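Below you'll find the structure, written out as structure tokens, and then a few comments.
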Amino acid sequence: VQLQASGGGLVQTGGSLRISCAASRRTFNTDVMGWFRQAPGKEREFVATVSRSGAVTSYADSVKGRFTISRENAKSTAYLQMNSLKPEDTAVYYCAAFYGRLPQITSQDMNNYVRWGQGTQVTVSS
């Protein structure tokens with residue numbers, strides 16, 4: 001397993017949760033990392049992405065200002081800090097990665113991502 005997502009759970013509306021994605025790939029620091037989510041009956045959608053250096057980030061409009069993506073290359077781990085959670089944030093969250101040819105590259109397109117984790121369930125109760 002190259003990507004392992006963890007930290008999901010049940011949280012009340014307005015609460016916070018941090019999910020993690022641990023990578024076994026030795027060259028994690030050259031990978032662009034992304035978080036996507038899929039709610040029941042819906043297509044998988046982009047949530048956030050971070051460049052290989054961590055300096056560039058991008059977010060879906062629905063989570064902007066509430067979620068923060070980050071990474072610790074020394075630990076080969078990416079994070080998604082989720083604040084002010086809403087019931088509509090309920091989904092399985094997937095981390096994904098692809099090789100970042102340049103330090104500032106990010107991507108909201110799931111087709112660019114070639115490695116995927118198994119997903120972690122986040123449930124927000126109303």
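Count residues from 1 along the sequence. Quick caveat, the model's predicted, so the values are computed rather than measured.
Cluster membership for Val63 and Val11, using ILVMFWY side-chain heavy atoms within less than 4.5 angstrom, is shared. In the hydrophobic cluster analysis, where Ile, Leu, Val, Met, Phe, Trp and Tyr join through side-chain heavy atoms closer than 4.5 angstrom, Val114 is grouped together with Tyr94. Residues Met82 and Val50 fall within the same hydrophobic cluster, defined by Ile, Leu, Val, Met, Phe, Trp and Tyr side chains chained together at heavy-atom separations under 4.5 Å. Ile105 and Tyr113 fall within the same hydrophobic cluster, defined by Ile, Leu, Val, Met, Phe, Trp and Tyr side-chain heavy atoms under 4.5 Å apart, directly or through other members. Under the 4.5 Å side-chain heavy-atom criterion for grouping Ile, Leu, Val, Met, Phe, Trp and Tyr, Met110 is not connected to Tyr59 through any hydrophobic cluster.
Under the 3.5 Å distance criterion, the side-chain polar atoms of Gln2 are left unmatched by any main-chain donor or acceptor of Trp116. Of the possible donor and acceptor atoms, none in the side chain of Thr123 sits under 3.5 Å from a partner among the backbone N and O of Leu10. With Arg52 contributing its side chain and Gly100 its backbone, the two residues share a donor-acceptor pair below 3.5 Å. The backbone N or O of Lys75 lies less than 3.5 Å from a partner atom in the side chain of Thr77, making a donor-acceptor pair. Asp109 places a side-chain N or O within donor-acceptor distance of the main-chain N or O of Asn111, the cut-off being under 3.5 Å.
The cationic atom of Arg115 (NZ for Lys, CZ for Arg) does not lie both less than 6.0 Å from the six-membered ring centre of Phe98 and within 45° of the ring axis.
Screening Arg71, Glu72, Arg18 for a side chain to side chain donor-acceptor pair (under 3.5 Å) involving Tyr79 leaves a single residue, Glu72.
To the nearest 0.5 Å, the span separating CG on Leu102 from OG on Ser53 amounts to 11.0 Å. Considering CG of Asn83 and OG1 of Thr68, their distance stands at 6.5 Å, rounded to 0.5 Å. Distance check, rounded to the nearest 0.5 Å: OG of Ser24 to CD of Gln4 gives 9.5 Å. In this structure, Leu3 CG and Gln118 CD are separated by 9.0 Å, a value rounded to the nearest 0.5 Å. For the atom pair CG of Leu80 and SG of Cys95, the computed distance is 10.0 Å after rounding to the nearest 0.5 Å. Interatomic distance, Ser125 OG to Leu85 CG, rounded to the nearest 0.5 Å: 10.0 Å.
Crowding of Lys42 atom NZ: a count of heavy atoms from other residues, nucleotides or ligands under 6.0 Å not exceeding 12.
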query: Can you list the steps and then say if Ser84 with Arg66 is a side chain to side chain contact (heavy atoms under 4.5 Å, CB included)?
result: CA-CA 6 Å; Ser84 302; Arg66 300 188 298 121; 4.0 Å; yes
query: ring-ring contact (aromatic ring centres under 6.0 Å, His included) between Phe36 and Phe46: does it pass, once the steps are laid out?
result: CA-CA 5 Å; Phe36 295 80; Phe46 166 76; 5.8 Å; yes
message: Applying side chain to side chain contact (heavy atoms under 4.5 Å, CB included) to Ile19 and Gln81, what does each step give before you reach the verdict?
response: CA-CA 7 Å; Ile19 56 179; Gln81 176 67 45; over 6 Å; no
message: Using side chain to side chain contact (heavy atoms under 4.5 Å, CB included), reason through Ser6 and Thr120 one step at a time and then give a plain yes or no.
response: CA-CA 6 Å; Ser6 62; Thr120 185; 5.5 Å; no
- prompt: Is there a side-chain hydrogen bond (donor to acceptor under 3.5 Å, both in side chains) between Thr49 and Gln108 once you walk through the steps?
  reply: CA-CA 7 Å; Thr49 179; Gln108 299 187 3; over 6 Å; no
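The nearest pair of heavy atoms linking Gly119 to Val92 is CA-CG1, 3.8 Å. Closest non-hydrogen pair, Gly9 versus Leu17, comes out as N-CD2, 3.8 Å. When all heavy atoms of Trp35 and Ala78 are compared, the closest pair comes out as CZ2-O, 4.1 Å.
Counting only heavy atoms from C-beta outward, the side chains of Val122 and Thr90 never approach each other to under 4.5 Å.
Inspection of the Arg37 and Tyr93 side chains reveals an N or O donor paired with an N or O acceptor under 3.5 Å.
No salt bridge links Lys86 with Asp89; every basic N to acidic carboxylate O contact stays at or beyond 4.0 Å.
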